[in-house]
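Comments concern the structure below.
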Amino acid sequence: MQYLHTMVRVSDLDAALDFYCNKLGLVETSRKDSEKGRFSLVFLSAPDDLERSKQDSAPLIELTYNWDPETYQGGRNFGHLAFRVDDIYALCQSLHDNGVVINRPPRDGHMAFVRSPDGISIELLQKGQSLAPQEPWISMPNSGEW
């Protein structure tokens, strides 16, 4: 398992970048704008981790800016922790067997979400190519929030 990033939703991307980059000193490493999803993702790295970030191995902060205004309450602005895993199906099965609810099953063989006992959302991402879709994950509905 490899720790990837922590996601934080921001209500004003320019103000957030001013804080994280200009004041705190982080460096923007990549950006993705999704017209269809109406959001922007901006990944930031600490300067000392910049070289590792280019190789996709250093932990990052993901700023998520939803283009449609939203007021974040109850910690919703803190999104999730993300981990790259060797076998998403095996890990999800092990978690399920040990009583962990799979909030967003890995129907696509690539991504799943679970929650910690304290309600922190954890994103699990398949290392490398997505695995071929398989049961019981294909038919498993989402459960709760993730």
Tell me whether [Y] is reachable from [X] by hopping between hydrophobic residues (I, L, V, M, F, W, Y) whose side-chain heavy atoms are closer than 4.5 Å.
X	Y	result
Phe43	Met7	no
Leu124	Ile138	no
Val101	Met140	no

**Q.** Over all atoms of both residues, closest heavy-atom pair of Ser45 and Leu60
**A.** CB-CD2, 3.7 Å

Q. Mind checking what makes side-chain contact (heavy atoms from CB on, under 4.5 Å) contact with Phe19, not counting sequence neighbours?
A. Leu24

Q. Will you find, in the side chains of Ser40 and Asp33, an N or O donor that is under 3.5 Å from an N or O acceptor?
A. yes

Q.
Side chains of Ser121 and Glu123 only: does a donor on one sit below 3.5 Å from an acceptor on the other?
A. no

Q: Report the C-alpha distance between Leu131 and Gln134 in whole Å, list the side-chain angles of each, state the deciding distance to 0.1 Å, and finish with yes or no for side chain to side chain contact (heavy atoms under 4.5 Å, CB included).
A: CA-CA 8 Å; Leu131 301 181; Gln134 67 183 38; over 6 Å; no

Q) Counting distance only, does the side-chain N/O of Asn98 pair as donor-acceptor with the main-chain N or O of Ser94 below 3.5 Å? A) yes

(Q) I'd like to know if the side chain of Arg107 and the backbone of Ala112 have a donor-acceptor N/O pair within less than 3.5 Å. (A) no

**Q.** side chain to side chain contact (heavy atoms under 4.5 Å, CB included) partner of Tyr89, the single match among Val85, Leu91, Asp87
**A.** Asp87

To the nearest 0.5 Å, what is the distance between [atom1] on [X] and [atom2] on [Y]?
X	Y	atom1	atom2	result
Glu62	Lys32	CD	NZ	9.5 Å
Ser11	Asn66	OG	CG	10.5 Å
Leu63	Cys21	CG	SG	7.5 Å
Leu44	Thr6	CG	OG1	11.5 Å
Asp86	Gln2	CG	CD	9.5 Å

Q) Heavy-atom distance under 4.5 Å between the side chains of Met111 and Gln126, does that happen here? A) no

**Q.** 4.5 Å side-chain heavy-atom contact, Phe83 and Leu125
**A.** no

(Q) Can you tell me if Glu28 has over 12 outside heavy atoms packed within less than 6.0 Å of its CD? (A) yes

(Q) Just checking Glu135: does its CD atom have more than 12 heavy atoms from other residues, nucleotides or ligands closer to it than 6.0 angstrom? (A) yes

Q: Not counting sequence neighbours, list each pair that qualifies as a ring-ring contact (aromatic ring centres under 6.0 Å, His included) and has a residue in residues 98-117.
A: His80-Phe113, Phe113-Trp146

Q: Evaluate the criterion side chain to side chain contact (heavy atoms under 4.5 Å, CB included) for residue pair Arg38 and Tyr65; output intermediate values, then yes/no.
A: CA-CA 9 Å; Arg38 299 191 47 74; Tyr65 173 67; over 6 Å; no

